[in-house]
Amino acid sequence: MRSTKLVLLALVLCLTLSSSALAKVNITFWHAMGAELGEATEYLTQKFNEIQDEIEVEAIYQGRYSDLNTKLVASFSAGTSPTIAQVYENWTDAYYRYGVIAALEDYMDLTEEEYNDYIEVFRHMNTWDGKLYTIPFNKSNWVLYYNKELIPEPPKTLEEFFQISKEVSEKTNGETKGFGIRPTLELFHAFLWLNGGDFFDDDLNVTFNSPEGKIALQQMIGMLEDGSALLVDGYEDGAFGDRMIAMYIGSSAGVTYAENSVGGKFEFSTAPLPAGIRPGAPFMGTNIAMFDAASEEEKAAAAKFVKWLTNAENTVYFAIKTGYLPVTYSGLASQEYQDFLEANPHKAAIANLEAFEYGYWQPKIAAWEECRGIIYEMVTKVFLGEDIDLSLAEGQMLVEEAIEDMLSQRY
């Protein structure tokens with residue numbers, strides 16, 4: 001009799017455990033975080049799974065961002081979309097227009113304090129129709145990297161920047177150029193913004209074919225012509241570490257590459273971009289979106305995970321491990337993150353609080369992928385010697401066609 005009771009008790013326990021396991025809500029998280037970034041993402045996902053027993057998150061690496069976007073688009077037609085995924089703003093706009101994403105804000109039960117804790121510039125980058133459709137995840141800003149041996153104090157204005165670039169080149173007889181240039185869309189955007197311009201106005205009218213756009217390109221080309229800059233083949237951190245250039249503008253998320261390239265050969269640091277007509281801090285990176293095909297139960301579970309993933313403790317952990325920024329004010333102000341910056345003074349400019357007040361970002365429209373390719377080609381042609389006015393006019397025409405196609409599509 002006693003053995004029968006024990007068997008029955010064991011059976012009840014097994015059924016209870018089985019029922020508990022079946023009761024878990026399973027959600028999938030597609031991402032493009034490889035190597036150390038993937039390790040940090042996986043660590044946080046597993047930690048979440050361990051600290052509670054209601055939700056099981058499966059983080060699935062999908063390759064590069066382009067691969068991730070391709071797979072996401074295919075999943076919408078196939079009915080196999082994940083619960084949540086990393087997305088850029090222009091992807092979000094396309095998904096929003098097609099009606100395949102749900103507003104995360106509607107499921108996160110954010111207090112006013114929690115909502116306002118997300119850094120304001122990131123909230124703007126993630127808002128559609130007045131709601132946080134997506135939540136910031138891995139965010140970076142562009143900063144000025146500089147060799148402290150050659151440049152004890154970084155330039156604060158564009159005028160100082162151009163002057164210091166010339167002085168370094170002259171002082172080293174051209175062995176080290178003051179600045180490293182690649183004909184990228186991001187660098188053109190930086191000069192364009194600092195000179196008071198942008199790609200579009202609020203009504204999506206093209207504004208880069210303008211005096212500000214022409215000045216930006218002339219400044220970039222002019223630095224090559226007067227010998228104060230070097231046209232860099234490949235990423236700038238390599239030329240920086242080899243003392244070929246004394247400054248470059250690059251992503252804060254690339255500071256580890258700069259550290260590896262410099263390898264202790266000299267002291268370097270970072271600074272905000274020098275101000276022109278206005279200051280500017282370009283912010284980039286991806287966010288987390290939730291897809292409408294998920295069940296209400298899955299959406300609620302995903303929202304809990306995203307809220308936990310971006311709380312102060314976890315956003316700081318991710319920032320320290322990866323080089324990205326905390327996405328909340330409480331994360332930026334936390335003692336752990338402040339101690340990290342104090343121990344790594346060359347990274348201090350990355351989290352410069354003032355920069356968040358004048359941050360800007362690339363257009364968050366569905367057609368941006370096509371537009372950015374057109375603008376990149378336009379900048380490249382200028383660097384190859386094509387007339388600036390003609391290049392800007394051609395770029396405007398092609399971008400306007402892309403915008404018109406986007407607006408004429410039925411979603």
Count the heavy atoms belonging to other residues, nucleotides or ligands that lie under 6.0 Å from [atom1] of [X], then report whether that count exceeds 12.
X	atom1	answer
Glu159	CD	no
Glu377	CD	no
Phe200	CZ	yes
Lys304	NZ	no
Met244	CE	no
Tyr329	OH	yes
Glu404	CD	no
Lys265	NZ	yes

Decide yes or no for [X] and [Y]: does some side-chain heavy atom of the first lie under 4.5 Å from some side-chain heavy atom of the second?
X	Y	result
Lys177	Val168	no
Val57	Phe305	yes
Leu392	Met378	yes
Leu332	Ile119	yes

I'd like to know if the side chain of [X] pairs up with that of [Y] as donor and acceptor (distance under 3.5 Å, no hydrogens or angles considered).
X	Y	answer
Asp198	Thr207	no
Asn287	Gln86	no
Ser391	Glu386	yes
Glu56	Asn26	no
Gln335	Asp339	yes
Ser334	Glu336	no
Glu400	Gln396	yes
Gln46	Glu50	no
His346	Glu259	yes
Tyr61	Asp67	no
Asn311	Asn314	yes
Gln362	Trp368	yes
Glu296	Tyr107	yes

Q) Out of Tyr96, Trp91, Phe76, which one pairs with Phe291 under the ring-ring contact (aromatic ring centres under 6.0 Å, His included) rule? A) Phe76
Can you name the nearest heavy-atom pair linking [X] to [Y], along with the distance?
X	Y	value
Tyr133	Ile101	CD2-CD1, 3.7 Å
Lys321	Ala40	CB-CB, 4.1 Å
Ala367	Ala402	CB-O, 3.9 Å
Phe240	Phe266	O-CZ, 3.3 Å
Pro155	Pro274	O-CB, 3.9 Å
Phe283	Ala355	CE1-O, 3.9 Å

Can you tell me how far apart [atom1] ([X]) and [atom2] ([Y]) are? Round to the nearest 0.5 Å.
X	Y	atom1	atom2	answer
Tyr235	Ser251	OH	OG	10.5 Å
Thr270	Trp142	OG1	CH2	14.5 Å
Leu407	Arg97	CG	CZ	6.0 Å
Leu158	Leu273	CG	CG	9.0 Å
Ile84	Phe137	CD1	CZ	9.0 Å
Asn209	Lys214	CG	NZ	10.0 Å

Does a salt bridge link [X] with [Y], judged by any charged N lying under 4.0 Å from a carboxylate O?
X	Y	value
Glu42	Lys47	no
Glu186	Arg372	yes
Lys381	Glu394	yes
Arg278	Glu212	no
Lys299	Asp292	yes

Q) Under the ring-ring contact (aromatic ring centres under 6.0 Å, His included) criterion, do Phe179 and Phe162 qualify, and how do the steps go? A) CA-CA 9 Å; Phe179 185 62; Phe162 293 129; 8.8 Å; no
Q) How about Phe340 and Tyr337: are their ring centroids closer than 6.0 Å? A) yes
Q) Ring centres of Phe122 and His124 under 6.0 Å apart? A) no
**Q.** Among Thr315, Thr328, Thr310, the one residue meeting side chain to side chain donor-acceptor pair (under 3.5 Å) with Tyr118
**A.** Thr310
**Q.** Geometric cation-pi criterion Lys364 and Trp128, 6.0 Å radius, 45° cone
**A.** yes
Q: Might you work through the side chain to side chain donor-acceptor pair (under 3.5 Å) test for Glu369 and Asn69, ending with a clear yes or no?
A: CA-CA 11 Å; Glu369 203 65 37; Asn69 188 35; over 6 Å; no
